[in-house]
> 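Have a look at this one.
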Amino acid sequence: MSLLARLNPPQQNAVTTTAGPILVLAGPGSGKTRVLTHRIAYLIRDMGVEPWHIVAVTFTNKAADVMRERTEALLGMTGSLSGLMLGTFHRICARLLRMEAERIGLNPRYVIFDSDDQLDVIKQALRDLNIDEKRNPPRAVHAAISRAKNELITPDRYPIATYGDEITARVYERYQRLLGVSSALDFDDLLVRTVFMLRDHDEIRDRYQRRFEYVLVDEFQDTNTAQYELVRLMAGHHRNVFVVGDEDQSIYRFRGADFRNVERFRQDYPDARVILLEQNYRSTQTILDAANAVIARNRHRTAKQLFTDRGTGARITLYQAYDEHDEGNFIIDEINRLKASGQAKPGECALMYRTNAQSRALEEAFVRRGMPYRLVGATRFYSRKEVKDVLAYLRLVQNPDDDVSLRRIINTPPRRIGNTSIDRLGGWAAGLGVSVYQALRLLGGDAPPELAKTAGAHPFTKATVAPLLAFYELLQNWIEVRNTLTPAQLIDRILEESGYREWLRDGTEEAEDRWQNVQELRTVAGAYDEMEIGLALDAFLEEVALVSDTDDLQAGSDVPTLLTLHAAKGLEYPVVFIAGLEEGLLPHSRSTEDPDGMEEERRLFYVGVTRAADRLYLLHTFRRGNWGRSDFAEPSRFLADLPRELTGGSTPARQAHRAMTTWGSEERRPTARPAYGSSLRFSPGQQVVHPVFGKGTVITSKLVGGDEEVSVAFSGKGVKRLLASIANLKAV
DNA sequence: TGTTTCGACGTTTTT
DNA sequence: CGTCGAAACA
């Protein structure tokens, strides 16, 4: 069988041109995953390249899994890719650093700090430096530091133009020091340290540059400076670097990604072959036309013309819901209707939104209507308190210098170690320039002689020393057995001996929920039972630190998927609903002042639109509840860019706008609302009169539990929800 | 030292 | 609305 049979000419080109730098500009749905998998298979099967000599970078771990699976299928056997380095930038870096740790003076037991841990460290640094948290929000300071890291700027080189920069530079310095004491790396460090490792260590660089004969990078438009540099270094010897990207789908600017890296690639590799993939195999022409119309308004892009031979397809549906609950209900009705008419299964539907906060109301609708769904991201399992606690114990056993984990659990469950003791202990350790664990060792008389010599007397009373030493003993016992137990066994032991289980299960229902989560974590850890015991804990913790939201997206059950537009990148669904197309939400208010930010919002919308294969629904609300309050919502400016013939003849934004401005007056007409097949007495736009509230306009009307619930906007009285059977509503 | 309550505050998107 | 931190209490 030829690998090339199912590829079009440009795709074949991208697969078989193996030598030298190659840039593939791939529009949405143009088969780039197919090109990547076929290329790897081609290299191995037809070119005889050892998998060991190939490195492939994907955007999510999920994408990596898919790629491995499909490539193995092409090669016709599992395990045929052993040695292939395949994963996200972060995971690949974590692995390289683990392997080379000793050579670059890094503790091989290093832990990876997640965002919460990172914020804790920032706060600690601010406290250490006596900097006011109110005036310098930890999140903002962290963002500035992260930006610097993505640009490969070290603390000593941090450019200072303002007083704020001065502060950032000092916190940055302190932050790195604290991470160092804890033998911890944050997400950015994984990239930065790897770049510096390859840059500064000739032997290591040579070794990897020779090894990596072929370098492949997916989603290249979302690389940042550090990642770009990493690619350059990895491919430095053989120069067989193959990158795939689409400037129009660059949506991670906030993370330092810069789609101009695509342009930079062309400059840095003037001999690069450029291959365009413009044929779309996913969407109907209607959807592509909408997508083209939306993205064409961006100025910083190279124009592409996407085409498909899939035919026109269904029109795009626009719906103005009354509020976010109505939005959810409409979507559910529509999913049910598609299912009943055999047009789409629930599992083929996806519901996308800009912010995670939006999922709450939508979920509520699903729960109320008894419709199952799958939620990607949001309140993630690994951010639960109890899960983080257990992980903190494990991390501490793996790397006792991890101060963040130690502080987290030193008094959880309560062990008579209060804040004053912890602060004093921390201060003492900081004064000695060591981790809290090292300070505890000193207290227990176990410290290395050179440390014991320089340290003076400890600052504790007898009453506080005892609980500290008790905790130290506990920890010490686990450290001694860590290489004889599987991660799951270690969890069991910790849960018992720390008293955490007993403390957590206090008999309440909520506590049992939490205990379930702990048990689930234990189950996840169970996957490492078979691994060599010395490596298992490490691997487990790394896995947990680098899981991404889309990774737990297991297909299978036939239920709709709820996810953010960011999480939707790279995925496709026959039916796509995009909710919350409103000013301030999409585009988001945080981006509207900045032209580059606005272009990115538009790309985000573009990504959402192009996920749809057959049907696209665009929704916005009349009023939206934002934390507590409910405000009037203005339709997104992006809606105005959709050609009217794609949306059932009406110009959506103008119509929506008219609806907005004349709401409550007699001119109000509903936006394109598909037939509900209802026997409702009232319909949107209708004028009614109520004995108490007076004259009003119907906004929505729907069946709720057999009764008709009508939302009416009364002039001067606001919007009321009424039950038709109870309220004495009359049509005018 | 631990627990509770109140007020201020904020939210984009993610590895 | 929810989390988080500080103050107020037991």
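A, B, ... follow the sequence lines: proteins, then strands. Residue 1 opens every chain.
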> For the pair A:D631 and A:R623, find out whether any cationic side-chain nitrogen is under 4.0 Å from an anionic carboxylate oxygen.
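A salt bridge is absent here (no side-chain N lies under 4.0 Å from a carboxylate O).
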
> Please enumerate all residues that pass side-chain contact (heavy atoms from CB on, under 4.5 Å) together with A:T564, with sequence neighbours excluded.
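Applying side-chain contact (heavy atoms from CB on, under 4.5 Å) to A:T564 gives A:Y353, A:N356, A:H566, A:A567.
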
> Using whole Å, report how far CD1 of A:I422 lies from P of B:dG2.
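Checked: the CD1 to P distance equals 8 Å.
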
> Report the nucleotide, chosen from B:dT1, B:dT11, B:dG2, that has the shortest atom-to-atom distance to any side-chain atom of A:S421.
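Looking only at heavy atoms from C-beta outward on A:S421, the closest nucleotide is B:dT1.
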
> Any side-chain N or O of A:T60 below 4.0 angstrom from OP1/OP2 of B:dT15?
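For B:dT15, OP1/OP2 do not have a side-chain N/O of A:T60 under 4.0 Å.
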
> When you look for runs of 3 or more Watson-Crick or G-U pairs in a row, both distances below 3.5 Å, which of them include DNA chain B?
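Listed by first number, the stems are B:1-10 with C:1-10.
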
> Taking OP1 and OP2 of B:dG2, is either one under 4.0 Å from a side-chain nitrogen or oxygen of A:N411?
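It does, given that an N or O in the side chain of A:N411 lies less than 4.0 Å from OP1 or OP2 of B:dG2.
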
> Residues two or more places apart in sequence or in another chain: which of them pass side-chain hydrogen bond (donor to acceptor under 3.5 Å, both in side chains) with A:E572?
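A:E572: side-chain hydrogen bond (donor to acceptor under 3.5 Å, both in side chains) contacts with A:R282.
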
> Side chain of A:P414 only, please: which of B:dT1, B:dG2, B:dT13 is the nearest?
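Given the options B:dT1, B:dG2, B:dT13, the side chain of A:P414 is closest to B:dG2.
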
> Taking side-chain hydrogen bond (donor to acceptor under 3.5 Å, both in side chains) as the definition, give me every residue that meets it alongside A:S421, ordered by chain and number, with sequence neighbours left out.
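Once residues adjacent in sequence are excluded, A:S421 has no partner under the side-chain hydrogen bond (donor to acceptor under 3.5 Å, both in side chains) criterion.
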
> Can I get a per-line list of side-chain donor-acceptor pairs under 3.5 Å for residues 140-148 of chain A, giving both atom names and the distance, sequence neighbours left out?
from	atom 1	to	atom 2	distance (Å)
A:H142	NE2	A:Q118	OE1	2.8
A:S146	OG	A:D188	OD2	2.8

> Any luck finding a side-chain donor-acceptor pair between A:E543 and A:Y528 under 3.5 Å?
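There is such a pair between these side chains.
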
> Is A:R416 touching bases, backbone alone, or none of the nucleic acid, heavy atoms closer than 4.0 Å?
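Sugar-phosphate, no base atom in range.
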
> Sequence neighbours left out, what passes side-chain hydrogen bond (donor to acceptor under 3.5 Å, both in side chains) with A:E582? Give chain and number order.
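Checked A:E582 against side-chain hydrogen bond (donor to acceptor under 3.5 Å, both in side chains); matches are A:T621, A:R624.
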
> So which nucleotide from B:dT15, B:dT11, B:dT1 ends up closest to the side chain of A:H588?
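Nucleotide nearest to A:H588's side chain: B:dT11.
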
> Between B:dT14 and A:F254, is there a base-stacking contact, meaning the centre of the base's six-membered ring lies under 5.5 Å from the residue's ring centre while the planes stay under 30° apart?
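So no, this residue does not stack on that base, at least one cut-off failing.
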
> Rounded to whole angstrom units, what separation is found between the CG atom of A:D116 and the P atom of B:dT14?
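Nearest whole value for this atom pair: 14 Å.
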
> Measure from NZ on A:K149 to C1' on B:dT15 and round the result to the nearest Å.
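After rounding, the gap between these two atoms is 13 Å.
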
> Rounding to an integer number of Å, can you tell me how far A:E543 CD sits from B:dT15 P?
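The answer, rounded to whole Å, is 13 Å.
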
> Less than 4.0 angstrom between a side-chain N/O of A:R139 and OP1 or OP2 of B:dT11, yes or no?
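Yes, within the criterion.
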
> Which one, B:dT15, B:dT1, B:dT13, comes nearest to the side chain of A:N356?
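Shortest atom-to-atom distance from the side chain points to B:dT13.
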
> Using a heavy-atom cut-off of under 4.0 Å over every strand shown, decide if A:Y252 touches base, sugar-phosphate, or nothing.
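The answer is sugar-phosphate, as A:Y252 gets under 4.0 Å only of primed atoms, P, OP1 or OP2.
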
> Just jot down the side-chain contact (heavy atoms from CB on, under 4.5 Å) partners of A:R408, sequence neighbours excluded, or say none.
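A:K385, A:K388, A:D389, A:A392.
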
> Between A:D120 and A:Q124, is there a side-chain donor-acceptor contact under 3.5 Å, judged purely by atom types and distance?
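Distance-only check fails for A:Q124 and A:D120.
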
> Using the test side-chain hydrogen bond (donor to acceptor under 3.5 Å, both in side chains), find all partners of A:Q398 that sit at least two apart in sequence or belong to another chain.
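Listed in chain order: A:R109, A:D538.
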
> What distance, rounded to whole Å, do you find between the two P atoms, one in C:dC4 and one in B:dT13?
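Approximately 15 Å lies between the P atom of C:dC4 and that of B:dT13.
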
> We want to know whether A:R255 and A:N150 form a side-chain donor-acceptor pair, criterion being a heavy-atom distance below 3.5 angstrom.
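Side-chain D/A pair, A:R255 to A:N150: absent.
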
> For the side chain of A:R590, starting at C-beta, report the closest nucleotide among B:dT14, B:dT1, B:dT11.
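Taking heavy atoms from C-beta onward, the closest nucleotide is B:dT11.
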
> Please give, in whole Å, the distance from B:dT15 P to A:D117 CG?
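Taking CG of A:D117 and P of B:dT15, I get 15 Å after rounding.
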
> Go nucleotide by nucleotide along DNA chain B from the 5' end; which of A:E600 and A:T464 gets its closest nucleotide reached first?
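The residue mapped nearer the 5' terminus is A:T464.
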
> What one-letter contact string describes nucleotides 1-10 of chain C from 5' to 3', where B marks a base within less than 4.0 Å of any protein heavy atom, S marks contact via sugar-phosphate atoms alone, and - marks no contact?
BS--S-----

> Establish, with yes or no, whether the OP1 or OP2 oxygen of B:dT15 is under 4.0 angstrom from a side-chain nitrogen or oxygen of A:S115.
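No, no such contact exists.
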
> Could you give the CG-to-C1' distance, from A:N150 to B:dT13, as a whole number of Å?
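Atom-to-atom, A:N150 to B:dT13, this comes out as 15 Å.
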
> Please give, in whole Å, the distance from B:dT15 P to A:I251 CD1?
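Those two atoms, CD1 and P, are 11 Å apart.
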
> Starting at CG of A:L119 and ending at C1' of B:dT11, how long is that distance when rounded to a whole Å?
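To the nearest whole Å, that distance equals 13 Å.
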
> More 5' along DNA chain B: A:T564 or A:G418, using each one's nearest nucleotide?
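So the residue in question is A:G418.
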
